[in-house]
S.K.: 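Quick one: the structure is below, questions incoming.
Atom set for the values below is all heavy atoms of this structure, side chains included, hydrogens, waters and symmetry mates excluded. Reminder, nothing fancy here: chain letters follow the sequence lines and each chain counts from 1.
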Number of protein chains: 2
Amino acid sequence: MRPETIENYLKTIYNLSSNNTAVVSNQKIADKLSLNPATVTEGLRKLHGLKYVIYEKSYGSRLTTSGSKLALDIVRRHRIWETYLAKELGFGWDEVHAIAEELEHVNNAKLINKLASILGNPTYDPHGDPIPDAKGKIQKSNFIKLSETKVKGNYKVMGVTDHSPTFLKYLEKHQLIIGATINVKTIEDFDNSIVLVCQKKEVNISPKAAECIIVQSI
Amino acid sequence: MRPETIENYLKTIYNLSSNNTAVVSNQKIADKLSLNPATVTEGLRKLHGLKYVIYEKSYGSRLTTSGSKLALDIVRRHRIWETYLAKELGFGWDEVHAIAEELEHVNNAKLINKLASILGNPTYDPHGDPIPDAKGKIQKSNFIKLSETKVKGNYKVMGVTDHSPTFLKYLEKHQLIIGATINVKTIEDFDNSIVLVCQKKEVNISPKAAECIIVQSI
DNA sequence: ATTATCTTTTTGGTATGCCAAAAATAATAA
DNA sequence: TTATTATTTTTGGCATACCAAAAAGATAAT
Ligand SMILES: [Mn+2]
Ligand SMILES: [Mn+2]
Ligand SMILES: [Mn+2]
Ligand SMILES: [Mn+2]
């Protein structure tokens with residue numbers, strides 16, 4: 001398997017299993033990578049052979065220790081590049097993901113560590129995702145989804161789980177950027193949409209969008 | 001053809017034809033890319049179909065206008081990255097080529113132009129090779145090879161045509177770095193090796209090495 | 001329990017990028 | 001000019017990464 005192919009699978013399995021359950025379905029991988037399910041079955045079998053994944057037929061996949069190590073490294077490269085692009089090169093948080101998607105495959109530890117060092121070894125990327133350190137260690141947090149918050153609570157926006165430019169631009173329009181302070185006013189019975197106050201303006205957030213916004217209680 | 005494959009061919013043809021004759025042989029391409037000649041024949045036929053090269057069977061290849069444009073763009077990316085790695089990220093001139101070889105395939109004009117702008121839009125890379133501007137224009141020079149210099153002449157080192165770490169480290173050892181001033185003392189009749197003075201020390205340069213050092217008369 | 005509906009796997013097949021060996025062609029030397 | 005050598009092309013094949021459609025298996029609904 002080409003390194004790039006391996007990296008894309010492992011990163012995807014990592015991202016899918018860290019959010020949801022431990023075991024990842026073929027379909028979710030196929031969706032994320034825009035591949036035919038048949039292709040994913042093949043891919044997982046190969047990754048199982050390479051000992052990067054434990055693939056149990058018709059059930060699901062999870063990373064082995066060595067697969068996890070590699071995945072963490074790719075995630076680090078991706079997030080360091082995103083941060084470097086945003087902080088040092090002036091790109092917007094809606095632009096960095098696409099570029100990092102390519103840069104992450106350039107495998108040179110010295111380069112990544114140098115970028116990280118210039119940035120002051122950051123622990124979060126522009127979307128609020130944690131950046132593993134050079135050893136793969138991740139700082140853990142007590143963040144929750146906006147959809148899980150309680151009425152009348154005060155929160156700080158810590159991240160997003162969707163990196164699409166459309167979503168990020170939408171958030172920016174309402175000042176819902178990282179670090180912003182919000183107050184949850186009400187949750188509509190009708191459609192579960194959340195009404196919150198941010199920068200003294202009232203904003204109505206759909207349940208779908210609320211699933212993609214990460215906050216911390218303050 | 002995959003973009004990366006196309007880019008590697010076009011860059012190679014460009015590099016080979018700018019130094020030597022206009023038309024490039026299959027063998028030289030095969031050597032540079034470490035490919036079987038049979039593979040190169042196939043590749044060139046495809047590139048001809050794509051209108052990037054004019055490939056005349058059993059004779060040679062040269063770039064079309066559109067091929068040249070693309071080649072210049074890849075060369076720009078490569079050399080901008082080399083310069084950025086050296087100047088902004090602290091890598092040595094013997095290290096940058098290998099990393100740039102990968103980074104050059106990340107195709108994002110905004111990124112490259114941003115890097116170039118940070119560097120002050122440089123016109124030469126760490127090896128003295130000219131960097132095309134965003135439109136593909138290259139500043140031309142009156143540089144010659146050290147092997148073409150005359151006895152008793154004073155010259156300034158402007159570049160190298162070999163990027164291998166071993167060669168570059170060898171040059172560094174003798175202070176033969178870019179910008180260094182040298183005085184050609186004698187050319188040995190026996191083996192055509194060049195004796196020169198650099199930083200007050202006498203150095204003996206083999207004809208092979210002298211072919212790879214670019215200088216300017218001062 | 002039996003359908004109906006997803007999901008996964010199998011099967012058969014395509015496109016790309018590569019190589020080794022043989023055949024054809026060109027270049028060089030005798 | 002003819003032989004020798006080097007280069008290029010053809011041929012037949014291999015590996016990887018993918019897909020569409022059919023078959024098999026798992027889940028959910030009735
Ligand atoms: Mn991202
Ligand atoms: Mn991110
Ligand atoms: Mn180079
Ligand atoms: Mn260079």
S.K.: Check whether A:T123 reaches the backbone of A:I131 with its side chain - one donor and one acceptor, N or O, closer than 3.5 Å.
M.R.: no
S.K.: Nearest whole Å is fine: how far is D:dA17 P from A:N8 CG?
M.R.: 11 Å
S.K.: Identify the residue among A:R2, A:R77, A:M1, A:E104 that makes a side-chain contact (heavy atoms from CB on, under 4.5 Å) with A:E7.
M.R.: A:R77
S.K.: To the nearest 10 degrees, what angle separates the axes at the start and end of the helix from C:dA1-D:dT30 to C:dA30-D:dT1, five pairs each?
M.R.: 0°
S.K.: Under 3.5 Å, side chain of B:R79 to main-chain N/O of B:D125, donor-acceptor pair present?
M.R.: no
S.K.: Could you encode protein contacts along nucleotides 7-12 of chain C as a string, one character per nucleotide from 5' to 3', using B for base contact, S for sugar-phosphate-only contact and - for no contact, with a heavy-atom cut-off of under 4.0 Å?
M.R.: SSBB--
S.K.: Has A:D191 got more than 12 heavy atoms of other residues, nucleotides or ligands less than 6.0 Å from its CG?
M.R.: yes
S.K.: When you measure from the side chain of B:R76 to the backbone of B:P132, do you find a donor-acceptor pair of N or O atoms at a distance under 3.5 Å?
M.R.: yes
S.K.: Rounded to whole Å, how long is the line connecting atom CG of A:L35 with atom P of D:dC18?
M.R.: 5 Å
S.K.: Atom NE2 of B:H48 and atom P of D:dT9: how far apart are they, to the nearest Å?
M.R.: 12 Å
S.K.: In terms of the angle between their ring planes, are B:H127 and B:H97 parallel, tilted or perpendicular, with boundaries placed at 30° and 60°?
M.R.: perpendicular
S.K.: Using the ring of each side chain (for Trp, its six-membered ring), is B:Y84 parallel, tilted or perpendicular to A:Y84, with breaks at 30° and 60°?
M.R.: perpendicular
S.K.: Using modelled atom types and a 3.5 Å cut-off, is there a donor and acceptor pairing between side-chain atoms of B:E95 and backbone atoms of B:G92?
M.R.: yes
S.K.: Have a look at B:S34 and say if it touches a base, only the backbone sugar-phosphate, or nothing, with a 4.0 Å heavy-atom cut-off.
M.R.: sugar-phosphate
